[in-house]
Amino acid sequence: MINLSGIYKKYGFNEVLEDFSMTVHLGEKIGLIGANGSGKSTVFKLLAGLESPDKGGVALGQKLSIGYMDQVGDYEEGAKVEESLLKVFSHLLKIEERMRELEVLMSSDGSSKKIDSYMKEYARISSRYENEGGYLYKTRIKEILEGLGLVEFKDELISSLSGGEQSRVQIGELLLSRPDILLLDEPTNHLDFLALNWLEDYIKNYRGTVLIISHDRYFLDSTIDRIVEIKSGRAHHYVGNYSFYLKERKRRYEEELKRYKDQQKEIKKREEAIKRLKRWGDENDNEKFHKRAKSMEKQLEKVERVDNPDLGDSQFNLNFGADRSGKDVLSLEGVSKFFEERLILEDINLKVFYGDRIGLVGPNGSGKSTLLKMILGSEGDYDGKIKLGASLEMGYLSQHQELEDGNLTLLESFRKDMPPMEESRARGVLARYGFKGDEVFKYIKELSGGERVRFHLMKMVHSQINLLILDEPTNHLDLKSIEILEETLKDYQGTLILVSHDRYFLNKVINKIYAIEDKRLVYYDGNYNYYRQKVKEREEREQVRKRNKKSNRKELKEEKASEKSKKDLAKRLEEIEEKIVRLEEKREENNLAMTDKDNIDDYEYLNELKVENERIEEELKILVGEWEEIVELSIDN
């Protein structure tokens, strides 16, 4: 068991934790949440023994091992990825080395007494080697490399990797070490969907205790069974996942607000009664009324006041304005992109219309950010055509936000880029985005990642942008700010193109997914959950097809010597080809009906055609697959 009791911790004059208490039972999976700067990382450092509380106690069970992942890794110069993962098993490597030495000694000439001694030692250490996973560690390393998408980097210097790739290496080392207590600080940053899904499954099946700091609510919903929120330095506990926390937090707030309002009514009644008693005492020159008033005042002073509850919402406010653009916002025709001789994107075709809310997804390095830069015109040298619509005002938030002159203050930078306004008004605007008081004199170069995002979004709000292009906008925002951004984007009237690994965020704000698969764009008519369902169905169909193919191949091969079988195959081939032609004709007929101006307002009929075309597409895939199998068998024969 882990127990933090009555913890106080301050940095300078800033009180971060104040009477913070938390008990963690072995095997629990806990999400630690709170605003940026609320003390989440401080709690981790206290648990890891990297810092000590100013007051209070930290108690850990005896002999519990702790694995701590912070947001910045530290590696030796010259270290490579797979070598670094192997170091986790240095004790096994030493045993291996000694086992090899003993094997040589036992095979060489020597006295029977010495050989007997070598054999006893070999038996002892080989048993230890097996019990500690000596015959499994290579398999475990392979699993980590594949799960976290590190296979292609296994022989690379860690120093040559990006920050996100280094974070994956750090996660891999921790998971391989299998500590009793796993502390993960923003583990989902820089993971693509495949790695995220793998890590979720790994954490759910992890036998130890796991504490997670994350702004990925989808990840928290899938992996944890308790939320601890840090607010005003104290711990607030919620037994459930993140979705439960949201509902329970609102319920508690409403309950506390009712208690506060009821008490305020009662206090007001008593105060009015005291005023009346004093007035009557003055009017009638009666000391008894004054004494009763004094007694009631003393009673009122002893009442324990209920605080006006705070839901904890951020002071960060957004409201994007948007003058309408033309109907056709953007089109890409046959766009391909090479980096040197490596093909990144191939034959990309995309049409974006006013009001579309598009999520662009794909593995890390698949070209999502490159595609956005091509649309913005900052990345040239591509094949194909990119055409922008009329009356477009684009706003772009980069994944790695770089602001202008770092030597300008927030106030100077804002006034420089905005229409002329008085300093007092500019400071008022900055305050609405959480930059209050002397913070407006902070230099741009001193801003944190979250502050950079907020500042850039603030500038975009004060421009009439009708095409918002956002690349990982939630990366540096706390949960409250992400929720506010979600609500803002839901109400946004312009066109939105969004790259994000935040699956919860995608579900909330977009209604179309374009996935980069094998260098091409694949369209999914729904949010992230719809996309995942379709991908899962496709994977299941592929598995069934492979099993059927294997089974059919075996059966057909057994019959291929038979002339009758050959005739049957030829007949089936003909039937399939005729059916493919009929289906393609029906699909074309449906497509013409969907573009017929007489049907343009018959949404029910158009939807029926769309559903029928989807069914035709699925049937065509199955028929074409069967056709290919028969042709392959015919060639083999």
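Quick caveat: nothing in here was measured; it's all calculated off a predicted structure.
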* Among R545, K534, R541, whose salt bridge (charged side-chain N to carboxylate O under 4.0 Å, His left out) with E618 holds? -> R541
* Asked: If you look at every heavy atom in A123 and S126, which pair is closest and at what distance?
  -> O-OG, 3.2 Å
* Ignoring hydrogens and angles, tell me if any N or O in the side chain of S177 forms a donor-acceptor pair with the backbone of L174 under 3.5 Å. => yes
* Does the K40 side chain pair with the main chain of A35, one donor and one acceptor, at a distance under 3.5 Å? -> yes
* To do: Have a look at L211 and tell me which of V228, D185, L184, L47 forms a side chain to side chain contact (heavy atoms under 4.5 Å, CB included) with it.
  => L47
* Asked: Which atom names give the shortest non-hydrogen contact between V499 and P473, and what distance separates them?
  -> O-CD, 3.6 Å
* E539 vs K536, salt bridge (Lys or Arg N to Asp or Glu O under 4.0 Å): CA-CA, chis, key distance, verdict -> CA-CA 5 Å; E539 289 170 348; K536 185 179 178 182; over 6 Å; no
* Asked: Has R251 got more than 12 heavy atoms of other residues, nucleotides or ligands less than 6.0 Å from its CZ?
  -> yes
* Using the side-chain contact (heavy atoms from CB on, under 4.5 Å) rule, take K45 and Y68 through it: C-alpha gap first, then chi angles, then the decisive distance, then the call. => CA-CA 8 Å; K45 288 173 182 174; Y68 172 44; 3.8 Å; yes
* To do: Establish, for the pair K10 and F13, whether the NZ or CZ atom is under 6.0 angstrom from the six-membered ring centre and no further than 45 degrees off its axis.
  => no
* Asked: Taking all atoms of both residues into account, what is the closest heavy-atom pair of G37 and V16, and its distance?
  -> O-CG1, 4.4 Å
* Considering all heavy atoms, the nearest G233-F20 contact -> O-CB, 3.5 Å
* Under a 4.5 Å cut-off applied to non-hydrogen side-chain atoms, are K368 and L360 in contact? -> yes
* Would K120 and D116 pass as an ion pair if we require N to O under 4.0 Å? -> yes
List the atom pairs, with distances to 0.1 Å, where a side-chain N or O of residues 144-158 and a protein N or O form a donor-acceptor pair under 3.5 Å, not counting sequence neighbours.
none

* **Steps toward side-chain contact (heavy atoms from CB on, under 4.5 Å) verdict (Y118, Y122)** => CA-CA 6 Å; Y118 296 149; Y122 188 88; over 6 Å; no
* Asked: Going through the distances and angles, do E537 and Q533 end up as a side-chain hydrogen bond (donor to acceptor under 3.5 Å, both in side chains)?
  -> CA-CA 6 Å; E537 288 172 3; Q533 182 61 33; 3.1 Å; yes
* Considering residues, nucleotides and ligands other than R100, do more than 12 of their heavy atoms fall under 6.0 Å from its CZ? -> yes
* **Contact check, side chains of L176 and E173, non-hydrogen atoms, under 4.5 Å** => no
* Structure fact -> NZ (K508) and CD (E483) are apart, to the nearest 0.5 Å, by 8.0 Å
* **Donor-acceptor under 3.5 Å (S232 side chain, R234 main chain)** => no
* To do: Keeping to residues at least two apart or across chains, list the ring pair (Phe, Tyr, Trp, His ring centres under 6.0 Å) pairs with something in residues 203-240.
  => Y218-Y528, Y238-Y245
* Using the side chain to side chain contact (heavy atoms under 4.5 Å, CB included) rule, pick out the option among L183, I33, I203, L32 that qualifies with I212. => I203
* To do: Hey, could you give me the CD/CG distance between E472 and L498, rounded to the nearest 0.5 Å?
  => 8.0 Å
* **Side-chain heavy atoms of L17 within contact of I230, under 4.5 Å** => yes
* So, are R252 and E248 salt-bridged, with charged N and O less than 4.0 Å apart? -> yes
* Could you check whether the rings of Y242 and Y504 sit parallel, tilted or perpendicular, using 30° and 60° as the cut-offs? => perpendicular
* To do: Kindly say whether G6 contributes a backbone atom to a donor-acceptor pair with the side chain of S21 at under 3.5 angstrom?
  => yes
* To do: First locate atom CG of L506, then atom CG of N527, and finally report the distance between them rounded to the nearest 0.5 Å.
  => 8.5 Å
* **4.5 Å side-chain heavy-atom contact, D180 and S65** => yes
* Structure fact -> Heavy-atom nearest pair, M69 first then I171, reads SD-CG1, 3.6 Å
* To do: Kindly determine whether Y8 and E15 satisfy side-chain hydrogen bond (donor to acceptor under 3.5 Å, both in side chains), including the steps that lead there.
  => CA-CA 8 Å; Y8 287 79; E15 191 87 57; over 6 Å; no
* Asked: Using 30° and 60° as the class limits, which term best fits the ring planes of Y523 and Y514: parallel, tilted or perpendicular?
  -> tilted
* Asked: Do the side chain of D221 and the main chain of S243 share a donor and acceptor less than 3.5 angstrom apart?
  -> yes
* Checking S336 side chain against D347 main chain: does a donor-acceptor pair fall under 3.5 Å? -> yes
* Kindly indicate whether the side chain of K9, heavy atoms from C-beta on, has any atom under 4.5 Å from the side chain of E51. => yes
* Do D471 and S398 pass the side-chain hydrogen bond (donor to acceptor under 3.5 Å, both in side chains) test, and can you show the C-alpha distance, the side-chain angles, and the key distance before you say yes or no? -> CA-CA 5 Å; D471 193 354; S398 166; 5.5 Å; no
* Asked: Does any non-hydrogen side-chain atom of I227 lie less than 4.5 Å from one of R249?
  -> no
* Please walk me through it: do E130 and Y135 pass side-chain hydrogen bond (donor to acceptor under 3.5 Å, both in side chains)? -> CA-CA 6 Å; E130 182 177 0; Y135 297 109; 5.7 Å; no
* When rounded to the nearest 0.5 angstrom, what distance separates CZ in R503 from NE2 in H501? -> 10.0 Å
* Can you name the nearest heavy-atom pair linking P363 to I516, along with the distance? -> CD-O, 3.8 Å
* Sub-4.5 Å side-chain heavy-atom contact between E101 and E97 -> yes
* To do: Kindly indicate, with the supporting measurements, whether the criterion side-chain contact (heavy atoms from CB on, under 4.5 Å) is fulfilled by F193 and R532.
  => CA-CA 10 Å; F193 290 142; R532 277 300 307 155; 5.8 Å; no
* Asked: Step by step, would you call L64 with T209 a side-chain contact (heavy atoms from CB on, under 4.5 Å)?
  -> CA-CA 10 Å; L64 287 178; T209 303; over 6 Å; no
* Asked: Does the salt bridge (Lys or Arg N to Asp or Glu O under 4.0 Å) test come out yes or no for K204 and E200, once each step is laid out?
  -> CA-CA 6 Å; K204 281 188 282 189; E200 278 176 4; 5.2 Å; no
* To do: Please tell me if the side chains of I224 and R226 come closer than 4.5 Å, counting only heavy atoms from C-beta onward.
  => no
* Rounded to the nearest 0.5 Å, how far apart are CD1 of I2 and CG of L26? -> 6.5 Å
* Asked: Is it true that atom CG of D518 has more than 12 heavy atoms of other residues, nucleotides or ligands lying nearer than 6.0 Å?
  -> no
* Would you find a donor on one side and an acceptor on the other, under 3.5 Å apart, between the side chain of Y531 and the backbone of V361? -> no
* To do: Count the heavy atoms belonging to other residues, nucleotides or ligands that lie under 6.0 Å from NZ of K80, then report whether that count exceeds 12.
  => no
